Colleague: 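If you scroll down you'll find the structure; I have some questions about it.
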2 protein chains.
Amino acid sequence: MSVIENKILLKKERQLEIIHQINLHNKILSSDLSLILNVSEDTIRRDLNELALENKIVKVHGGALSKSYNVSATQADTYAYDEKKVIATKMIKLIKDGMTILTSGGTTMRAIANQLPNNLHVTFFTVSPLISLELAEHPNVEVIFLGGKISNISKISVGGEVVSKINDIKADFCVLGINGFDQEGISDSDYEVVQVKKAMIKSSRQVVATTISEKLNSDLRLRVCTLNEIDYLITELSPENELLKPYQGLVKYIL
Amino acid sequence: MSVIENKILLKKERQLEIIHQINLHNKILSSDLSLILNVSEDTIRRDLNELALENKIVKVHGGALSKSYNVSATQADTYAYDEKKVIATKMIKLIKDGMTILTSGGTTMRAIANQLPNNLHVTFFTVSPLISLELAEHPNVEVIFLGGKISNISKISVGGEVVSKINDIKADFCVLGINGFDQEGISDSDYEVVQVKKAMIKSSRQVVATTISEKLNSDLRLRVCTLNEIDYLITELSPENELLKPYQGLVKYIL
DNA sequence: GAAAAACAGGCGAATTCATGCAAAAATCAG
DNA sequence: CTGATTTTTGCATGAATTCGCCTGTTTTTC
């Protein structure tokens, strides 16, 4: 965590730091900002209101959210980017020329898309506008966007049309970014997203779950799939790490 | 901290030292500069104003920030952004609650999506991942992404599937970003993009062409539509501007 | 449905700012 | 060198910003 000097900051500087903090953590509480920046919560509230008015952040009760998968937020700003780069490297080793891959959204997936070597000839199906853009930078990658209503929350396309489209596909891999993961399997908090992810799993020969270790052993309300449906679990940790012990034997391969 | 001699400095010298200090610390307070340089804060303020006018620094209340300090977080770096904002304002005036709007991609469209007021309740159909993300930031906007193969060049979804999807839609407006525009009509250079735009025009009650004046009187190889198919032409210029004279009477409304 | 947290808005103190003006300094012409 | 002209500077005034605190209201949470 970056330590902020206890010096006086100019207003604009403070707002820049707020944006930085939000990009880093995806969300932030007014009270935390008040502590970090050494000003009253009223001032923070005023800053957040201004930034929200400028469309730089999304203000909510109690704090603010990043404009989640905002294009203008650079990769390096994403939380735990180094860990996600490690995950990307491991994932990319699994990909061979000619494969067809189904992917969801999320910043981990974005790191994978970004790190992809240019000489790979593969076809990606995705429901995430951001991932589609990142993938489209690679000349030898064919990107198919599975259209539908774009969810305001998760910023991926959802709904029956998407699900039925996914059902028509037969992919080699399904690469899932993950929000909740424990011994019960993958979980998520958004109903519509769960429907899409379930369809993706059903339409793929192999399922790859990617997540930073921080999200291990967290449980969200809705079940996406059980552990035995997952073929690969990829984290930034080495496979022997203590944190991964509970999953040994329950998931086919841990990388 | 470099200590400045208690000698008298010439104005130019002083301003150079100010820039030096800002480059060194990324920011500086007027009060500090006043102390360091041994002149009144009024003088400092005047210097800062001059330097800001010359675009050398960013002046803020209480001092100044280095320009490299990323002050403009979003898309302010897109070419001719101010002009595009003017276009966006004009376009937004045409949009009423409940409308259905078809849009292509392009930075002008992005500016429109960005400037959209939050209280508008409208439905957008788009083929651009970037625009879909920008639109999805607005809570009362429903965004439908028309999926398909993402073109590596134009970064929008193209192909037969998209075109046939568009044919199923009946929209109030079709808002087109434009690459080529002259007395023959709208033109473009990418075959696949042209197919999509043609379909969009066919599926809309009214067609809005938006372009910065720079692109007026330019002709590209492929014809998208003729002038009489266009209902509104929106540029950053005032409708009476000389440059728009050739189009008076050929396009229904020029804004 | 009541306690706690977060909020909007107003107020006042402190700071910073814009502006006009006159003194000081620099520049220039002869 | 001298006097006139222009530029620069400091100061005074009132306006504008910023920010913490306060009040009463709304929202959240249990």
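Nothing here was measured: the structure is a model prediction, and the numbers come from that model. Lettering of chains follows the sequences in order, A, B, ..., and the numbering in each one begins at 1.
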Colleague: Return the value, rounded to whole Å, for the distance between atom CG of B/Leu29 and atom C1' of D/dT18.
Modeller: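 Distance, rounded to whole Å: 14 Å.
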
Colleague: Closer than 3.5 angstrom, by distance alone: can the side chain of B/Thr43 be matched with the main-chain N or O of B/Val39 as a donor-acceptor pair?
Modeller: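 Pair absent, no side-chain N/O of B/Thr43 close to backbone of B/Val39.
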
Colleague: Going by salt bridge (Lys or Arg N to Asp or Glu O under 4.0 Å), name the residues that satisfy it together with A/Asp32, two or more places apart in sequence or in a different chain.
Modeller: none

Colleague: Taking NZ from B/Lys59 and C1' from D/dT17, how many angstroms apart are they, rounded to a whole number?
Modeller: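 Between C1' of D/dT17 and NZ of B/Lys59: 11 Å.
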
Colleague: Less than 4.0 Å between a side-chain N and a carboxylate O, is that true for B/Glu17 and B/Lys12?
Modeller: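 The answer is no: the pair does not qualify as a salt bridge.
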
Colleague: Is any side-chain N of the basic residue among A/Lys56 and A/Glu54 closer than 4.0 Å to the acidic one's carboxylate O?
Modeller: yes

Colleague: Does OP1 or OP2 of C/dA25 have a side-chain N or O of B/Lys11 closer than 4.0 Å?
Modeller: no

Colleague: With sugar-phosphate meaning primed atoms plus P, OP1 and OP2, does B/Lys12 contact a base, only sugar-phosphate, or nothing at under 4.0 Å between heavy atoms?
Modeller: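 Touches nothing.
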
Colleague: Just compare C/dT16, D/dT18, D/dG20 and give me whichever is closest to any side-chain atom of B/Ser31.
Modeller: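 Looking only at heavy atoms from C-beta outward on B/Ser31, the closest nucleotide is C/dT16.
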
Colleague: Find the distance A/Leu33:CG to D/dG20:C1' and express it as a whole number of Å.
Modeller: 17 Å

Colleague: As a test of reading the structure: which of D/dT28, D/dG10, D/dG20 is closest to the side chain of B/Val39, going by heavy atoms?
Modeller: D/dG10

Colleague: Taking NZ, NE, NH1 and NH2 as the nitrogens, is one of them in A/Asp219 or A/Lys215 under 4.0 Å from a carboxylate oxygen of the other?
Modeller: no

Colleague: Check the distance between C/dA25's P and B/Arg14's CZ and give it to me in whole angstrom.
Modeller: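 Checked: the CZ to P distance equals 14 Å.
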
Colleague: I'd like to know if A/Lys11 pairs up with A/Glu50 as an ion pair, taking the criterion as any Lys NZ or Arg NE/NH1/NH2 lying under 4.0 Å from an Asp or Glu carboxylate oxygen.
Modeller: yes

Colleague: Tell me, which of residues 41-54 of chain B have any heavy atom that sits under 4.0 Å from an atom in DNA chain D?
Modeller: B/Asp42, B/Thr43, B/Arg46

Colleague: Whole-Å distance between C/dT15 P and B/His61 NE2?
Modeller: 11 Å

Colleague: Hey, does B/Leu102 have a side-chain heavy atom less than 4.5 Å from the side chain of B/Leu146?
Modeller: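 Yes - at least one pair of side-chain heavy atoms lies under 4.5 Å apart.
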
Colleague: How many Å lie between CG on A/Leu10 and C1' on D/dT17, as a whole number?
Modeller: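 Value for this atom pair: 13 Å.
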
Colleague: May I have the distance from B/Glu13 (atom CD) to D/dT9 (atom C1'), rounded to whole angstrom?
Modeller: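 Rounded to the whole Å, the gap is 16 Å.
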
